[in-house]
Each structure stands twice: as C-alpha cells, then as structure tokens.
Amino acid sequence: MPIAVDIDVMLAKRKMSVGELAERVGITPANLAVLKNGRAKAVRFSTLAALCEVLECQPGDLLRWESGGAPDATMP
C-alpha cells in the first residue's frame, strides 16, 4: 500500500511507549500495533484525531504517501 504510517517516529520524538499511547487514545495495544505496522486497511477519523491530540501533531506527521507502493488489491 502506498500509504506509510510513521507513528513510531512520533512515539520516539515524544518518548512515549505504544502501551501508553494506546491507553491515552482509548484503543487496544493490538489495534495500535496493526495501525503502526501498516497492516490496517482503514483508520477512523476519530482515532486519527485522538492520535494527533495525544501526540500533539498533525495527520501528515503520522501518514504519508509513498510513490511506487503496491496498490490496494481491492481498488479497481
């Protein structure tokens, strides 16, 4: 998928653990790991907003488009 997730970068900048972020955002560590590792197929805007609020960042700090990535098989 051509969308890369940079949650690890923001976690390192904020010196925060995955467990702490998951707790403060209100999602399970397992679901955060799916998102963080780029295996998620979607993310709710409410979750993205909560991540940005807790990490004090913009959505573009967490998500970026990479050219040359394999397109999603479900897209025509």
Side-chain angles (χ1 to χ4, degrees):
M1 182 180 297
I3 301 296
V5 181
D6 290 329
I7 291 175
D8 281 338
V9 173
M10 292 308 297
L11 283 171
K13 286 181 179 180
R14 302 298 187 249
K15 296 180 173 61
M16 188 180 298
S17 70
V18 172
E20 180 183 353
L21 179 60
E23 183 177 324
R24 291 178 62 184
V25 169
I27 60 176
T28 66
N31 284 341
L32 181 56
V34 167
L35 178 60
K36 184 175 76 74
N37 295 323
R39 295 188 318 261
K41 297 292 182 191
V43 60
R44 288 189 174 123
F45 281 160
S46 59
T47 301
L48 183 58
L51 287 166
C52 290
E53 183 177 353
V54 170
L55 292 170
E56 298 177 351
C57 66
Q58 295 294 312
D61 296 325
L62 301 177
L63 303 172
R64 64 186 157 81
W65 179 77
E66 290 184 334
S67 64
D72 190 339
T74 61
M75 298 298 290

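All residue numbers in this chain count up from 1 along the given sequence. Predicted, not measured: the structure shown is a model, and the values here were computed from it.
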Next item on the list: Identify the heavy atoms of Met16 and Arg24 that sit nearest to each other, and give their distance.
Entry: CE-NH1, 3.4 Å
Item checked: Minimum-distance pair of heavy atoms, taken over all atoms of Gly38 and Val5 -> CA-CG2, 4.3 Å
Next item on the list: Only one of Val25, Leu62, Leu35 passes side chain to side chain contact (heavy atoms under 4.5 Å, CB included) with Leu48; say which it is.
Entry: Leu62
Notebook entry, point to check: Taking a hydrophobic cluster as the set of Ile, Leu, Val, Met, Phe, Trp and Tyr residues connected by side-chain heavy atoms closer than 4.5 Å, whether directly or through intermediates, do Leu51 and Met10 fall within one such cluster?
Noted result: yes
Item checked: Residue Arg39 excluded, over 12 heavy atoms near CZ under 6.0 Å -> yes
Margin query: Applying side-chain contact (heavy atoms from CB on, under 4.5 Å) to Lys36 and Leu21, what does each step give before you reach the verdict?
Written below: CA-CA 11 Å; Lys36 184 175 76 74; Leu21 179 60; over 6 Å; no
Notebook entry, point to check: What is the minimum heavy-atom distance between Pro59 and Cys52, and which atoms define it?
Noted result: N-SG, 3.5 Å
Note to self: Please determine whether residues Ile7 and Val9 belong to a single hydrophobic cluster, defined as Ile, Leu, Val, Met, Phe, Trp and Tyr linked transitively by side-chain heavy-atom distances below 4.5 Å.
What the structure shows: no
Check: Is it the case that one hydrophobic cluster holds both Val54 and Ile27, taking links as side-chain heavy atoms less than 4.5 Å apart, direct or via other members?
Finding: yes
Next item on the list: Working to the nearest 0.5 Å, report the span between OG of Ser46 and CD of Glu53.
Entry: 12.0 Å
Notebook entry, point to check: Looking at NZ of Lys41 and CD1 of Ile3, how far apart are the two atoms once the value is rounded to the nearest 0.5 Å?
Noted result: 12.5 Å
Margin query: Please evaluate residues Leu55 and Lys13 with respect to the criterion side-chain contact (heavy atoms from CB on, under 4.5 Å), reporting the C-alpha separation (whole Å), side-chain torsions for both, the decisive distance (0.1 Å), and the verdict.
Written below: CA-CA 9 Å; Leu55 292 170; Lys13 286 181 179 180; over 6 Å; no
